[in-house]
Amino acid sequence: MAACQTEKKEINFPKTDLANAPLIPKPIKTIPTGSAFGLDASTAIYTSITDPEFEKVGQFLSKSIKEKIGLDVTVNVSTEEKLERLIYINQSDSSDLESPESYQFYIKKDSILLNAKTAAGAFRGVQTLRQLIPETSNDTLTDQPMWVIPSGKIVDAPKYGYRGSMLDVARHFFTVEEVKKYIDALAYYKFNTLHLHLSDDQGWRIEIKSWPKLTEVGSASEVGGGEGGFYTQEEYKDLVTYAADRHITIVPEIDMPGHTNAASLSYPFLHYAGAETPRVRTDMKVGYSSFDARKDTVYSFLDDVICEIAGMTPGPYFHIGGDESHVTKKSDYIYFVEKVEEIVQKHNKRMIGWNEIAQAEINSNSIAQLWNEPENALKAAENGSKIIISPAKRAYLDMQYDSISEYGLHWAGYIPVDVGYKWDPETYVEGISKESILGIEAPLWSETISNSAELEYLAFPRIIGYAELGWSISEHLNWEDYKERLAAQVPYLEAMQINYYPTKLVDWERE
Ligand code: TNX
């Protein structure tokens, strides 16, 4: 060291407690060491370069830091002269990292080490770090502003490999920008799946090149009489990529054989004799439409539709709906589900359907999504299928908070924020073992909502609780502790301009 170069000064950090950081979802283990890492203009991010996806995670972190506190932090730039502190995102083969989404943090005075096996794990870890960065800097510790991050170790992994939300873009259409905004918030709370309900009686929302009338005719309506809309294939692919950049898988759903009025209106040969005659529908009724399960042409049509959508969907799943086919004869329904399952598999996707599909002899590789009475899901689980837990009484984001809630329905009851949180998917459905559960999903049906502000009013804050139910171990699910951490989400929600229902059950940390 040159004689007149001053020695690095010790920074006198205030005492910190990593264990009390308001992280959601709560990590498996946090071991505080009482000191801190000072994020400042002399900090740089480095990542493993063995996998280019790790560098992308580093870029995501850098962009998030810039957005949150306005600080520029370089990624994998080695010429940084004044570099004093570093954040290293490391691809690690450590056997402590059990699942692909596991991660570990070692936060020390001069370095933050984030270990993960996969870029998805690193990305989940980065969300934890985003939550640890304070909104305001401490300007007295050194001669430049410093954002104080509590030191210690974090060991974390998700409880379930499937943690999702569903958005109904059929009852009301939501634009690409609106869906992206929702994806951003899902990513922040470590969700890994967005299920898009792309078709229903009131509208068909995805361009199918071989059957153009689906959108020419079937997309121009929605509940309440609005103009509807649809995603072109380019727009859908853009959404898939945007989600993938956040390690979120898109699950496309074409709901059938019921909920198909818009499709049958576009192509009348699809219509089933026992169903109501197709016409433009803008009401909220369910259970009156159906495809004709006994016509070969219906299956050629579906082969094209599933082929085109599967071709744009890198994720492993295709959701066939299958709910509320009240006018389809049971034998026709069963025949239909079994035929469509073959088509889905032919296009190399794993079938998901609402729990009614278990009336058919479905393959054990197919997945049933539980939403109402459990008998069908229990039958599916007995036959070896995995189950997605979405009970309407607990996990439906479109249920009103209370009797004076502005938006939403209440056929499954009211779901105040605490009721939405106080249950455990692992034990909620008697008879479904832990091993059978693929994960949890919170659906948002859109009969009563038509833009981001309304979507957010129903989704937030409840979706944040479902993030924790899907990720954190059962021992950590505790409303009293959670509601304190939830209150601390306000700066994030406000910065992102996310509308939320300010329930009186939570003492919100507002200015
Ligand atoms: C039931 S849940 C439905 C939807 C409605 C929703 C409204 C399910 C599989 N089907 O068609 O939009 O209730 O809450």
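When a ligand or atom number is given, it counts from 1 through the structure's own listing order. We're numbering straight along the sequence, starting at 1.
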Query - Met399: numbered ligand 1 atoms lying under 4.0 Å from its heavy atoms - result: 14 (O)
Requested in this report: Considering heavy atoms of the protein only, find what lies nearest to atom 1 (C) of ligand 1 and give residue, atom and distance to 0.1 Å.
Outcome: Glu324 OE2, 3.4 Å
Query raised in the report: Between Phe460 and Trp508, is the gap from one ring center to the other below 6.0 Å?
Result: no
**Report entry** Shortest reach to atom 4 (C) of ligand 1 by a heavy atom, considering only Trp371, Trp445, Tyr396
**Finding:** Trp445
Query raised in the report: Of all the non-hydrogen atoms in the protein, which one sits nearest to atom 9 (C) of ligand 1, and at what distance?
Result: Asp323 OD2, 3.1 Å
Query - Lys26: partners by side-chain contact (heavy atoms from CB on, under 4.5 Å), with sequence neighbours left out - result: Glu468, Ser472, His476, Asp481, Arg485
Query raised in the report: Can the positive tip of Arg205 be found less than 6.0 Å from the middle of the six-membered ring of Phe173, inside 45° of the ring normal?
Result: no
Report task. Consider only side-chain N and O atoms of His347 and Asp303, and report whether a donor and an acceptor are under 3.5 Å apart. Result -> yes
Query raised in the report: What protein heavy atom is closest to atom 5 (C) of ligand 1, reported as residue, atom name and distance in Å?
Result: Glu447 OE2, 3.4 Å
Query raised in the report: Heavy-atom contact under 4.0 Å between His259 and ligand 1?
Result: yes
Report summary line: heavy-atom search around atom 11 (O) of ligand 1 in the protein gives Arg171 NH2, 2.9 Å
Report task. Cation-pi check, Arg462 to Tyr401: give yes when NZ or CZ is under 6.0 Å from the six-membered ring centre and within 45° of the ring axis, no otherwise. Result -> yes
Query raised in the report: So is Gln369 close enough to ligand 1, meaning a heavy atom under 4.0 angstrom away?
Result: no
Query raised in the report: Can you tell which part of Leu409 has a heavy atom less than 4.0 Å from ligand 1: side chain, backbone, both or neither?
Result: side chain
Query raised in the report: Counting from 1, what ligand 1 atoms have a heavy atom of Asp398 closer than 4.0 Å?
Result: 7 (C), 14 (O)
**Report entry** CD1 on Ile440 to OH on Tyr466, rounded to 0.5 Å
**Finding:** 7.5 Å
Query raised in the report: When only distance counts, is Asp168 in polar contact with ligand 1, meaning an N/O pair under 3.5 Å?
Result: no
Requested in this report: Evaluate whether atom NZ of Lys63 has more than 12 neighbouring non-hydrogen atoms of other residues, nucleotides or ligands under 6.0 angstrom away.
Outcome: no
**Report entry** side-chain contact (heavy atoms from CB on, under 4.5 Å) against Ser364, all qualifying residues, sequence neighbours excluded
**Finding:** none
